[in-house]
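Note that the structure is predicted; figures quoted are calculated from it, not measured. Values reported hereafter were calculated over all heavy atoms of this structure, with side chains retained and with hydrogens, waters and symmetry mates removed. Chain naming here is simple, since letters A, B, ... match the order of the sequence lines and numbering starts at 1 in each.
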There are 2 protein chains.
Amino acid sequence: MKSSVSGCSVEEAMRLLGGRWRLLLVSYLLDGPKRFGELRKDVPGISQRMLTLDLRALEDAGLVRRTVFAEVPVKVEYQLTEDGLRMEPVVAVMKAFGLWLKSRA
Amino acid sequence: MKSSVSGCSVEEAMRLLGGRWRLLLVSYLLDGPKRFGELRKDVPGISQRMLTLDLRALEDAGLVRRTVFAEVPVKVEYQLTEDGLRMEPVVAVMKAFGLWLKSRA
DNA sequence: CAGGATCCGACCCGATACTG
DNA sequence: CAGTATCGGGTCGGATCCTG
C-alpha cells in the first residue's frame, strides 16, 4: 500500500472547511481585505447569518483577522492572516476541480 | 481585482465533496480498488449507511465505479474512474493542509 | 458480504426581526 | 453598517434491524 492511515488529516481539514461557504469566502478574501457588506454583495446567495458564523469560525481558527474601525457608521474589515494564506492552494485546486466538473456533460 | 466571479466553481466542488467522509473515502480509493467491508474497516468511525450513501453519490457523479462479482457471498469492489482520478490533487492538498492544521498549537 | 429500511437526534442553513 | 436573536425546515449522520 502507498499510504493507509494518512486520511485522518483530510477529515480534520474538511471539518473546518467542509461547509458550503467557507472555502468560497476564503477565495474572495484572497483578493485582499474585504468589508462585511462587500462580502455579502460579492458572495451570491449567502445569508448575513452564515456570513457572520463562517467568518467567526475562520477567525477562531486563526485564519482570518477581523478589524473594527471606530467610525460612524461602523466599518469592519476581514483579511486572511499569515496562516490563512496557507489555504490558497486549497482554493486553487478546488476551483480547478469545480471548473472541470461544470465543463462535463 | 485579480478574480471576482471565479468563486462559483468552488461552491460546485464543495457541494459534491463537502461532506464529512467523501474526500476521505476518495483518499483511500487512491490506493486502488477496495471492497465495501474493507473501506468500512479502514475508514475509522464511518457507519455502513454513510459509506453506502457517499459511495453512491460519487458513483452518480461518475467518479467511482462499482463492480459486483456474482459470487457467494457477494463481493463488491469500488474504484476510482478515470474522472475520479482528477480528485487526486484535491486530496493531496487537503491532506497537506490538514496535517499543517494538526501541527499547530 | 453488501447493502436496504426505518427511526431519530444533531447540525447546517435560510428568513425574519431587532440593535449598537 | 455590521451585526445578534429566534424560529423552523432540510440535510447530515448514527443505531438498529432486516434481506438477497
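Between A:Leu39 atom CG and D:dG3 atom P there is a gap of 10 Å when expressed in whole angstrom units. The separation between A:Leu25 atom CG and C:dC13 atom P is 12 Å, rounded to whole Å.
Every side-chain contact (heavy atoms from CB on, under 4.5 Å) that A:Lys75 has, sequence neighbours left out, goes to A:Arg35, A:Phe69, A:Glu71, A:Glu77. Partners of A:Phe97 by ring pair (Phe, Tyr, Trp, His ring centres under 6.0 Å), not counting sequence neighbours, listed by chain and number: A:Trp100. Partners of A:Glu82 under the side-chain contact (heavy atoms from CB on, under 4.5 Å) rule, at least two apart in sequence or in another chain, do not exist in this structure. For the side-chain contact (heavy atoms from CB on, under 4.5 Å) test, residues two or more places apart in sequence or in another chain that qualify with B:Val93 are A:Pro89, A:Val90, A:Val93. Partners of B:Arg15 according to the salt bridge (Lys or Arg N to Asp or Glu O under 4.0 Å) rule, which considers only residues two or more places apart in sequence or in another chain, are B:Glu11.
Looking only at distances, a side-chain donor or acceptor of A:Arg22 sits under 3.5 Å from a matching main-chain atom of A:Leu16.
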Start with the C-alpha distance between B:Glu88 and B:Leu80, add both sets of side-chain angles, then the distance that settles side-chain contact (heavy atoms from CB on, under 4.5 Å), and finish with yes or no.
CA-CA 10 Å; B:Glu88 201 265 339; B:Leu80 294 177; over 6 Å; no
Between the protein and nucleotides 10-13 of chain D, list the N/O to N/O atom pairs that are separated by less than 3.5 angstrom.
from   : atom 1 : to      : atom 2 : distance (Å)
D:dG13 : OP1    : B:Arg20 : N      : 3.1
D:dG13 : N7     : B:Arg49 : NH2    : 2.8
D:dG13 : O6     : B:Arg49 : NH2    : 3.3

Considering only nitrogen or oxygen atoms on both sides, find all protein atoms under 3.5 Å from nucleotides 1-4 of chain C and state each distance.
from  : atom 1 : to      : atom 2 : distance (Å)
C:dC1 : O3'    : B:Arg35 : NH2    : 2.9
C:dA2 : OP1    : B:Arg35 : NE     : 2.9
C:dA2 : OP1    : B:Arg35 : NH2    : 3.0
C:dA2 : OP2    : B:Gly37 : N      : 2.9
C:dG3 : OP1    : B:Arg66 : NE     : 3.1
C:dG3 : OP1    : B:Arg66 : NH2    : 2.5
C:dG3 : OP1    : B:Tyr78 : OH     : 3.4
C:dG3 : OP2    : B:Tyr78 : OH     : 2.4
C:dG3 : N7     : B:Gln48 : NE2    : 2.8
C:dG3 : O6     : B:Gln48 : NE2    : 3.4
C:dG4 : OP1    : B:Arg56 : NH2    : 3.4
C:dG4 : OP2    : B:Arg56 : NH2    : 2.9
C:dG4 : O6     : B:Gln48 : NE2    : 2.8

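Hydrophobic clustering (ILVMFWY, side-chain heavy atoms < 4.5 Å, transitive): B:Val72 and B:Phe36 are in distinct clusters.
Between the axis at the start and the axis at the end of the helix from C:dC1-D:dG20 to C:dG20-D:dC1 there is an angle of 50°, using five pairs per end and rounding to 10 degrees.
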Contacts table for residues 55-67 of chain B: side-chain donor-acceptor under 3.5 angstrom, sequence neighbours left out:
from    : atom 1 : to      : atom 2 : distance (Å)
B:Arg66 : NE     : B:Tyr78 : OH     : 3.2

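Between A:Met14 and B:Met14 there is a side-chain heavy-atom pair separated by less than 4.5 Å.
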